[in-house]
Number of protein chains: 4
Amino acid sequence: MHNKEVGRRNVLAGGLAAMATTAVAAPAFADETAVAATTAATVDEKLKGYTYPLSARGEANLAAAPPWHYAGDVVGVEFWTSAAAAAASLPTGLDPDPASSGHGYALFIDWQFSGDNEEYLDPVRSQYGEFLVLLDAVWQGTPVAWCPFIYVDNDSALARGWVQGFPKKMGAIRQTRAFAVNSQAAPVVGAGGKFAASMSAAGHRLAEATVTLEKTSATLPALGRPIVNLRHFPRLSLGQYDNPAVHELTMSILDNPQVANTWIGSGGLTFLPAPGEELAALAPERTGAGFRGSLSYTVTDLRILN
Amino acid sequence: MHNKEVGRRNVLAGGLAAMATTAVAAPAFADETAVAATTAATVDEKLKGYTYPLSARGEANLAAAPPWHYAGDVVGVEFWTSAAAAAASLPTGLDPDPASSGHGYALFIDWQFSGDNEEYLDPVRSQYGEFLVLLDAVWQGTPVAWCPFIYVDNDSALARGWVQGFPKKMGAIRQTRAFAVNSQAAPVVGAGGKFAASMSAAGHRLAEATVTLEKTSATLPALGRPIVNLRHFPRLSLGQYDNPAVHELTMSILDNPQVANTWIGSGGLTFLPAPGEELAALAPERTGAGFRGSLSYTVTDLRILN
Amino acid sequence: MHNKEVGRRNVLAGGLAAMATTAVAAPAFADETAVAATTAATVDEKLKGYTYPLSARGEANLAAAPPWHYAGDVVGVEFWTSAAAAAASLPTGLDPDPASSGHGYALFIDWQFSGDNEEYLDPVRSQYGEFLVLLDAVWQGTPVAWCPFIYVDNDSALARGWVQGFPKKMGAIRQTRAFAVNSQAAPVVGAGGKFAASMSAAGHRLAEATVTLEKTSATLPALGRPIVNLRHFPRLSLGQYDNPAVHELTMSILDNPQVANTWIGSGGLTFLPAPGEELAALAPERTGAGFRGSLSYTVTDLRILN
Amino acid sequence: MHNKEVGRRNVLAGGLAAMATTAVAAPAFADETAVAATTAATVDEKLKGYTYPLSARGEANLAAAPPWHYAGDVVGVEFWTSAAAAAASLPTGLDPDPASSGHGYALFIDWQFSGDNEEYLDPVRSQYGEFLVLLDAVWQGTPVAWCPFIYVDNDSALARGWVQGFPKKMGAIRQTRAFAVNSQAAPVVGAGGKFAASMSAAGHRLAEATVTLEKTSATLPALGRPIVNLRHFPRLSLGQYDNPAVHELTMSILDNPQVANTWIGSGGLTFLPAPGEELAALAPERTGAGFRGSLSYTVTDLRILN
């Protein structure tokens, strides 16, 4: 029963495009997850925990097992990179979307995380900034969003991300904030309000965005497609470097997605080159909508595609 | 005329206690500033800027001259430390307040700064966390708030603070955030909503607070007294270590103070000892109100008391 | 066969205890590894790279495939925790060492990393601080060192560590440094020289050590046993949280280990409690040798134990 | 009299160019300093300490009064910027050096600080990275070195710097390190050894250098002139923004300067533009010597020039 409910969320699978400020009823998707759950094996291990480090009490791990609840403010810009650059960024198993070649989004998100035990009351561990790129792609005929690059400033967020297949690196991410009080130090959340955001890693500025709000929107112009990641964990044994222990396409499942206070308008976006980085290979040729709003969802599951 | 207007703000001087969500008309305070302004000298200097570093174009300085606009979210807790500890923290020129011995506030603030040119669009430089303690004191019969310790995570904020007399050190400050969207990852801004905050410096946790909201409040239960600082800049020449170049009590002047979305309730507060720190000498013996809200003001002036 | 050979290299490998200041002649290197290489499977993947993120050019990954060369300065303290605490920290497959129950080392290391292309010329990415604990244990009758907790301040180091099975979290690690020049600001590398080290994570101080040098040593009193880790990568699919995709004991293989400038003496060590941490469960009951020196090795392989 | 003596020490002081690897006999130390000390005024202040924050016990201040002992490793590059850019960076009171117009040095230093009480045993507070530029200039006919820009990653270092007149901002500074052990992860301190260094601030890379060693040197090809700074502390009172409370040229006095293990060779240097920075206005037109070595000195005094 429970699993069936979970299954029902699936099509939603990251589909925030149609989300208004109230929860969305999602159509049925798949029954496989229920089957998987009943047949699950359990490893024989004295130590407790979900991610590194496993430990005697199971309290030291960077990330405990789900549920993982998220609330955040997003500043984002729609953009088009070259079709060739977008295609080159896709893993085996994904194809360019012929209908929207090179189209994608750059998102800067100020997140707050929690499990079921008010973990948001430890803001040092629960808060983080995130920058990610989503590019239109197709998986076996289904329009999806591929995440080639993503940065966070928190190791617990990095650990949860890796488990989901998000290829997170550490970076410094900031976005302009709005406040409940009027001030010349903050933009209005309204027509003409300006927000900016930036991301740096290893001391190099890699991305900068500006957004000017024009009008409210019932939806968030991104996350309209399920996010597909490449879950990957390499082997280190000699001769096995190219034979990873884990290498599988995944589809994110987002429970109870909600958005609020969403505004759209125009946006500017720049990606800057740096050694050891390939984000600038996806440099925008033009931008579309800029937007700013709040979103929330819960993660309890992941669909493995291959 | 202009100076007279400034003078009018003065009594306000940090008096947010009576501030509702709209701007407050402040009574007249003093005429001295006008006199001072008219007689101001100007240093003969080719380089431009306000704080370090002065430079050819005047763009490299950590802080440009005012106006300095601020908007922030505050999580705070009222507390009482021992009368002896509070008295020991006061500089020459301030006396304990016999009516509220040991009474004070601990404030954690997520700030956004701007000058007059949309500097909030550079969030890396304009945003910062701040933790400060304010203790009741009396200056020449006037009830004031003395700031013995304050920490920020941004060097521009540190530079502006030093000029005001705020004795800022660098620290890591975080507070629970609220979002426009419902989520198990965030508290409600409403009855029962829980917020936490912490401050660490040099890898030591120094302060932790929790607040549970109960009801709205038209005012912010802190900043009800003008803040008095000890502006100080030492000499390094041999024999002059105890003869600072600048050493004067100051009173902060806050223009156009506003608060919004203010809630009060109960609070918990802990100060922790560490080498090279004296915050724990002010450890709370009991706490009073906890509160959370937004505030804004502008700084353009400083009153020198002695 | 392969394992036997690897094991031989490995005994050396983890065996820095017997390493003097010159290079060590390594025993015969197995030919079986070549065999392994030729028979290794290769995943079908267009994207290039070794760890996250795989990318079009293969330059964005946090860690490229080995060789991984390391040079570092270590400040370390030998200690004994309670036998019960040490036993509780062991994973399934490892047993307490009856000959040295509760015995271990705390190591603080300032590392510099490089691949084969002078990556040490990018110090932002190649340098990092590390803190780790090693505890005596036994694997199938073989004395080994188990690493329950390890912290670094660099995401590339975290990525390489996870692949090896090191359960790395992010922390802030610092150790006193020595300089080629005499100064009251630095200890002598000689009798009476004092070094200190500390580690903090999430704003909490977790470990502090002091070492006073007494005499030179041809060996480094730690790393005398091969390090055994628990390589682990969880599943996120519903019902699979306790069925990790990767969960295997590993034995580290260190090529060409060298030490230099090694001094030993006495040491002090403290582990401090914090929420979300279990290091303090291994609090020292007493300490043994303190030491300080330099070490280097290369990693190209990992032995999987089960 | 006093100044004359100080000046004598000072010529030595800033004069590391002639320093060999052993201590330097310092010229007679003026007795007048004792006189100065006895006649020095002392502020009437209950609180204790030297810099912010003054406090009841005097332990919380960012920087205690001297002596300030320093030991460091420096990676540096000699360069020439345009004569016009160098001249534009000079404060009133300094003139371009007609003999070496545009000539200067970029220095990256890994410092360790201590007072007289083994403060180097708190490496979190005592260690820091520093980047600075020194440009040839003339003060009243005396060749001096002017420091237009300097960055550190430690607030105690920033506080000490401001008192000396160094216009420090916060940045992230790293340099390649050498180790006592051979490794492909580290350069040799010898002919052909390569070192690199970088500085970033506010997430922007601002400076990058590379040095290739060729031969030993008895001296350090920088710090050959006394450093002149502009000590500056502004006023905030309305109408006084351009009338700083402290604004004076100073000459650094370095006691007991020593260098060791100094190598010179060739160097490369790049300054990169960013908003809010003017370092790139001093971009190198060509470079001269690259060098790497260790240095130490003590600071107890500062000469005020005007």
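Reminder, nothing fancy here: chain letters follow the sequence lines and each chain counts from 1. Hydrogens, waters and symmetry mates play no part in the numbers below; they use all other heavy atoms, side chains included.
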Picking from A:Glu118, A:Lys194, A:Gln184, A:Arg177, which has the most non-hydrogen pairs under 4.5 angstrom with chain B?
-> A:Arg177
Below 4.5 Å, heavy atoms only, C-beta onward: do A:Arg205 and B:Val124 meet side chain to side chain?
-> yes
Can you tell which part of A:Glu119 gets under 4.5 Å to a heavy atom of chain B, answering side chain, backbone, both or neither?
-> neither
Side-chain heavy-atom pair A:Leu121, B:Thr176 within 4.5 angstrom cut-off | yes
Heavy-atom check, side chain of B:Pro187 versus side chain of A:Tyr120, under 4.5 Å = yes
Mind checking the CZ-CG spacing from A:Phe179 to B:Asn261? Nearest 0.5 Å is all I need.
-> 12.5 Å
Is it true that a side-chain atom of B:Gln127 and a backbone atom of A:Gln175 form a donor plus acceptor pair closer than 3.5 Å?
-> yes
Among A:Ala197, A:Ala186, A:Pro123, residue most engaged with chain B (heavy-atom pairs, under 4.5 Å) | A:Pro123
State whether the side chain of A:Ser296 and the backbone N or O of B:Asn182 hold a donor-acceptor pair below 3.5 Å, judged by distance alone.
-> yes
Given the rule in the side chain to side chain contact (heavy atoms under 4.5 Å, CB included) test, do A:Asp122 and B:Glu208 qualify, once you have shown the distances and angles that lead to the verdict?
-> CA-CA 10 Å; A:Asp122 185 353; B:Glu208 295 180 337; over 6 Å; no
Counting heavy-atom pairs under 4.5 angstrom with chain A, the leader among B:Ala185, B:Ser114, B:Ala180 is B:Ala185
Got a second to check how far A:Arg174's CZ is from B:Gln112's CD, nearest 0.5 Å?
-> 9.5 Å
With a 4.5 angstrom heavy-atom cut-off, which part of A:Asp116 approaches chain B: side chain, backbone, both or neither?
-> side chain
Sort out for me which of B:Gly72, B:Ser198, B:Ser126, B:Ala172 touches chain A most, counting heavy-atom pairs under 4.5 Å.
-> B:Gly72
